[in-house]
Protein chains: 2
Amino acid sequence: MKNLPDKTVERLSQYRRALLVCLADNKMHIFSHELAGLIHITPVQVRRDIILIGYSGTLRKGYDVRELVSLIGKIIDTEEGLRACIVGVGNLGRAIIRYFKDKRTKLVITAAFDTNPEKVKCVFSGVRCYPIEQLESVIREQDISIAILTVPGEVAASVAETLEKAGIRGIINYTPTPLNVSEKIYLGEYDMITSLEKAAYFVKNNRGE
Amino acid sequence: MKNLPDKTVERLSQYRRALLVCLADNKMHIFSHELAGLIHITPVQVRRDIILIGYSGTLRKGYDVRELVSLIGKIIDTEEGLRACIVGVGNLGRAIIRYFKDKRTKLVITAAFDTNPEKVKCVFSGVRCYPIEQLESVIREQDISIAILTVPGEVAASVAETLEKAGIRGIINYTPTPLNVSEKIYLGEYDMITSLEKAAYFVKNNRGE
DNA sequence: AATAAACTGTTAATGAAATAACAATACAAA
DNA sequence: TTTGTATTGTTATTTCATTAACAGTTTATT
Ligand SMILES: NC(=O)c1ccc[n+]([C@@H]2O[C@H](COP(=O)([O-])OP(=O)(O)OC[C@H]3O[C@@H](n4cnc5c(N)ncnc54)[C@H](O)[C@@H]3O)[C@@H](O)[C@H]2O)c1
Ligand SMILES: NC(=O)c1ccc[n+]([C@@H]2O[C@H](COP(=O)([O-])OP(=O)(O)OC[C@H]3O[C@@H](n4cnc5c(N)ncnc54)[C@H](O)[C@@H]3O)[C@@H](O)[C@H]2O)c1
């Protein structure tokens, strides 16, 4: 499959989240306008995305939810699954560990790291916390591809360097410190202040979404 | 000032974050390529954004950091400041409260809400937690414009409804439940699973950022 | 049958965002 | 001076994303 647009990839993830809720409700088919409504976009966009991934629905019946979920899985997930780790088990790190627990089978948080001796060896929502010194060895042993960075901002850069040496392939940075890593590594930076300031700007200017 | 593009608004927030670090380092001028490097974009884009907000630098000297910070403030912030609240003081809620503490003067978290009697009346990083029953009155009294939603997914929709009744103008939803609120209300939905799955997709396909 | 309604799928048009190309100018060095 | 260099600011172009328009199908209804 050719490279999908960035935005489509994001929406596929959202579609799947919504579709899994449908499945849980025993809803087996869904129309483009229903799916669109669930995530606040237009039906046309849903259909375009779906065409883009090479699926098609049946007229007057909509899309088969299970098939669509499975196809999105084929695109986003890997056969063998990917493993992720949390670096920095503070409030945010723990929140994320707990949130991910049992959410996905092909994308699992398998390890956490911290410097605090009290946290090391603890198990948080089923995830073992290792001392930061073992970061490299654990990442290699467990074949962890993605790291979620929730350490204090001051140490983010040095931790990122260690992650790079350990052969990590993607970093999600929740730290306020922007990182500089090799081009080869996928880097996602998320700062809640930006989210909130964006909201503030739109509220100030009386613009809805 | 005319309505700025969405993306520009986001970048302005990022610029300011970076610029504040510069100021703290006593760096008084900055070139477009320096600022660009700090947030991984191109110098041209920085210059375009800056032109868009009606500022101009001086040749061979770059942009005046303080002036730029102040101008971005004029755009994003309001004179009197905006207030925000946290609804749901769990791990995530506490992490956010702590993170925002003392970060901005014009955008402040002034209240938190929870149903848990043990949390009510507690003060988290300087922010008082009120019982959810007082949500409406506190929002009106303190003139809170933005709510950050970090309650369990199951109650998100009903809390959002209460927020709407209380006259909230923006909601930032970290809950996995997509919300349906009036068009008038700014709504930002952020799901970490989407961020992680996006990372997984790009890692799988060996594409960097 | 014929007609209407409800969808999907596709192509065309528009709009937004990013990039490229380059003109203009200040400063430094020769 | 003159020339070269670094940097901003502007316009043009390209790319990407969204929306609009509509053609085509299936089903239900008369
Ligand atoms: N992006 C956002 O929106 C957002 C929101 C909240 C917090 N944050 C940031 O996320 C980070 C974590 O926030 P928090 O509230 O959980 O902080 P926290 O202080 O509770 O947690 C940080 C954890 O990192 C550990 N740590 C310190 N140095 C370490 C190192 N070198 N290696 C490994 N672990 C180390 C600490 O022991 C602690 O457990 C901070 O940088 C904070 O600014 C970001
Ligand atoms: N978007 C993300 O990336 C992300 C990441 C982690 C967690 N989450 C979500 O954020 C939410 C909070 O996560 P958490 O780990 O902090 O959970 P948590 O269970 O620790 O916190 C939830 C808090 O909400 C309170 N609460 C429950 N019902 C309430 C109500 N009706 N009104 C007000 N408060 C109420 C609880 O008492 C608790 O304090 C969950 O929905 C979780 O799925 C999202």
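Naming convention: chains lettered A, B, ... in sequence-line order (proteins, then strands); numbering from 1 in each chain.
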Applying side-chain hydrogen bond (donor to acceptor under 3.5 Å, both in side chains), name anything that partners B:N91, two or more places apart in sequence or on another chain.
-> B:R94
Just say parallel, tilted or perpendicular for the rings of B:F202 and A:Y186, cut-offs at 30° and 60°.
-> parallel
When rounded to whole Å, the CG to P distance for the pair B:N3 and C:dG15 reads 16 Å
Distance in angstrom units between A:R47 CZ and C:dT11 P, rounded | 14 Å
To the nearest 0.5 Å, atom CD1 of B:I171 lies from atom CD1 of B:I185 at 5.0 Å
Applying side chain to side chain contact (heavy atoms under 4.5 Å, CB included), name anything that partners B:K106, two or more places apart in sequence or on another chain.
-> B:D77
Can you check nucleotides 15-19 of chain D for protein contacts, nitrogen or oxygen pairs under 3.5 Å, and list what you find?
{"from": "D:dT18", "atom 1": "OP1", "to": "A:R11", "atom 2": "NH1", "distance (Å)": "3.4"}
{"from": "D:dT18", "atom 1": "OP2", "to": "A:R11", "atom 2": "NH1", "distance (Å)": "2.9"}
{"from": "D:dT18", "atom 1": "OP2", "to": "A:R11", "atom 2": "NH2", "distance (Å)": "3.0"}
{"from": "D:dT18", "atom 1": "OP2", "to": "A:Q45", "atom 2": "NE2", "distance (Å)": "2.9"}
{"from": "D:dT18", "atom 1": "O5'", "to": "A:Q45", "atom 2": "NE2", "distance (Å)": "3.1"}
{"from": "D:dT19", "atom 1": "O4", "to": "A:R48", "atom 2": "NE", "distance (Å)": "3.1"}

Do the side chain of A:H29 and the main chain of A:R60 share a donor and acceptor less than 3.5 angstrom apart?
-> no
What integer distance in Å separates A:I51:CD1 from C:dC7:C1'?
-> 13 Å
Neighbour count above 12 (heavy atom, 6.0 Å) for B:E79 CD = no
Roughly, in whole Å, what's the span from CG in A:L59 to P in C:dG9?
-> 7 Å
Hey, does the side chain of A:K204 reach the backbone of A:N206 with a donor-acceptor pair shorter than 3.5 angstrom?
-> no
Taking atom P of C:dA17 as reference, at what distance in whole Å does atom CD of B:E10 sit?
-> 10 Å
A:K61 NZ to C:dT8 C1': how many Å, rounded?
-> 15 Å
Smallest heavy-atom separation, B:K61 atom then B:F31 atom, equals C-CE2, 3.4 Å
Close side-chain approach of B:L135 and B:V87, heavy atoms under 4.5 Å = yes
Return the polar atom pairs (N/O with N/O) between nucleotides 2-4 of chain D and the protein under 3.5 Å, or none.
none

Which of residues 29-39 of chain A have a heavy atom under 4.0 Å from DNA chain C?
-> A:F31, A:S32, A:H33
Search all heavy atoms of A:V181 against all heavy atoms of A:A160 and return the closest pair with its distance.
-> CG1-CB, 4.2 Å
Distance-only donor-acceptor hits, side chain of residues 63-74 of chain A, under 3.5 Å, sequence neighbours excluded:
{"from": "A:D64", "atom 1": "OD1", "to": "A:R66", "atom 2": "N", "distance (Å)": "3.1"}
{"from": "A:D64", "atom 1": "OD1", "to": "A:E67", "atom 2": "N", "distance (Å)": "3.0"}
{"from": "A:E67", "atom 1": "OE1", "to": "A:Y55", "atom 2": "OH", "distance (Å)": "2.7"}

